[in-house]
Amino acid sequence: DAGVIQSPRHEVTEMGQEVTLRCKPISGHDYLFWYRQTMMRGLELLIYFNNNVPIDDSGMPEDRFSAKMPNASFSTLKIQPSEPRDSAVYFCASSLEGRDTGELFFGEGSRLTVL
Amino acid sequence: GQNIDQPTEMTATEGAIVQINCTYQTSGFNGLFWYQQHAGEAPTFLSYNVLDGLEEKGRFSSFLSRSKGYSYLLLKELQMKDSASYLCAAPPANQAGTALIFGKGTTLSVSS
């Protein structure tokens with residue numbers, strides 16, 4: 001089975017540019033999560049969806065960040081305008097409610113560098 | 001929210017046993033997870049504890065004490081490939097659902 005698929009794997013952009021990160025969750029999973037990882041702050045939960053509906057976006061750092069899930073197989077995380085402090089690895093993860101362990105399955109991440 | 005604390009770094013030698021500790025906020029507890037993350041890769045699931053006691057899975061075991069808000073991950077017969085970051089995670093306090101809050105991770109270095 002295909003795992004969580006993220007794109008792009010690497011993105012280098014200049015401050016002020018718009019960045020869009022994409023995620024395809026595992027088919028049939030009903031939860032989708034966006035995390036950000038940095039050395040200083042570790043792995044931070046930004047936002048998560050259940051059945052395409054945003055449940056908790058309290059981790060989104062500011063209005064420059066937005067996330068959408070138009071259907072069960074696709075989500076985007078957008079940063080506009082981007083700033084150097086947004087440089088991080090952004091992970092998407094999905095899970096299935098009712099599964100014994102409730103484990104999250106992570107994509108390989110999108111490494112963002114804002115110059 | 002959730003406060004999860006674990007040591008930043010640990011070192012050990014091949015063949016040894018290492019214990020990585022984790023403390024968490026106990027209010028509304030809904031399970032404790034351990035993930036492994038190799039450098040440059042995604043976190044992968046290792047274990048899940050919801051009841052007190054020890055869960056064994058091959059060379060890895062995880063222990064939980066709900067009353068103390070304490071867990072540990074035990075790695076036996078260490079191998080070089082076990083060098084990685086080990087992340088403790090739990091749902092936000094007093095919240096149901098599957099979102100997880102992660103500790104900052106313990107970087108384990110295994111030397112020969």
Side-chain angles (χ1 to χ4, degrees), chain A residues 2-7 9-10 21 23-26 28-51 53-60 67 88-111, chain B residues 1-9 20 22-25 28-51 55-57 60 62 64 71 73 84-107:
Chain A
V4 176
I5 300 172
Q6 293 186 243
S7 65
R9 291 293 311 279
H10 301 274
L21 307 178
C23 176
K24 176 178 169 55
I26 293 172
H29 281 193
D30 51 1
Y31 280 87
L32 183 140
F33 307 84
W34 282 101
Y35 284 86
R36 176 174 70 174
Q37 188 173 39
T38 61
M39 289 291 291
M40 288 291 291
R41 302 176 68 89
L43 195 60
E44 301 174 278
L45 177 64
L46 300 178
I47 184 172
Y48 73 99
F49 297 83
N50 177 219
N51 292 322
V53 176
I55 302 302
D56 184 354
D57 65 353
S58 60
M60 296 285 261
V89 180
Y90 291 80
F91 286 103
C92 177
S94 69
S95 71
L96 179 62
E97 186 171 18
R99 188 182 172 87
D100 287 347
T101 63
E103 67 189 89
L104 305 188
F105 294 83
F106 284 82
E108 296 188 3
S110 294
R111 181 175 293 276
Chain B
Q2 174 62 269
N3 294 317
I4 297 177
D5 290 313
Q6 50 182 132
T8 304
E9 294 181 333
I20 303 174
C22 170
T23 59
Y24 62 91
Q25 186 175 338
F29 179 72
N30 285 299
L32 193 288
F33 294 76
W34 285 96
Y35 279 73
Q36 180 190 57
Q37 185 177 24
H38 285 100
E41 298 182 8
T44 55
F45 171 79
L46 279 180
S47 69
Y48 170 65
N49 294 68
V50 67
L51 299 176
E55 295 276 344
E56 297 188 70
K57 191 186 296 185
F60 292 6
S62 55
L64 178 67
S71 173
L73 181 68
S85 181
Y86 292 86
L87 305 168
C88 180
N94 293 318
Q95 287 187 30
T98 66
L100 291 180
I101 305 301
F102 285 82
K104 291 188 176 181
T106 300
T107 300

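Note on naming: letters A, B, ... go to the chains in the order of the sequence lines (proteins, then strands), and numbering restarts at 1 for each one. Both backbone and side-chain heavy atoms feed into the values below; hydrogens, waters and symmetry mates do not.
- With sequence neighbours excluded, the residues satisfying side chain to side chain contact (heavy atoms under 4.5 Å, CB included) with A:H10 are A:R111.
- Shortest non-hydrogen contact noted between A:F91 and B:E41 is CZ-O, 3.8 Å.
- Considering CD1 of B:I101 and CG of A:L45, their distance stands at 5.0 Å, rounded to 0.5 Å.
- In this structure, B:Y48 OH and A:E103 CD are separated by 11.0 Å, a value rounded to the nearest 0.5 Å.
- The two residues B:A99 and A:Y48 have their closest heavy-atom pair at CB-CE2, 3.5 Å.
- At least one donor-acceptor pair under 3.5 Å links the side chain of B:Y35 to the backbone N or O of A:L104.
- In this structure, the side chains of B:P43 and A:Y35 stay at 4.5 Å or more apart for every pair of heavy atoms.
- When atom types are taken as modelled, the side chain of B:K104 and the backbone of A:M40 share a donor-acceptor pair closer than 3.5 angstrom.
- Between B:A42 and A:G107, the closest heavy-atom pair is CB-O, 3.0 Å.
- Annotation for A:R41: atom CZ does not count as buried by contact number, only 12 or fewer foreign heavy atoms lying within 6.0 Å.
- Residue A:E44: no heavy atom, backbone or side chain, is found under 4.5 Å from chain B.
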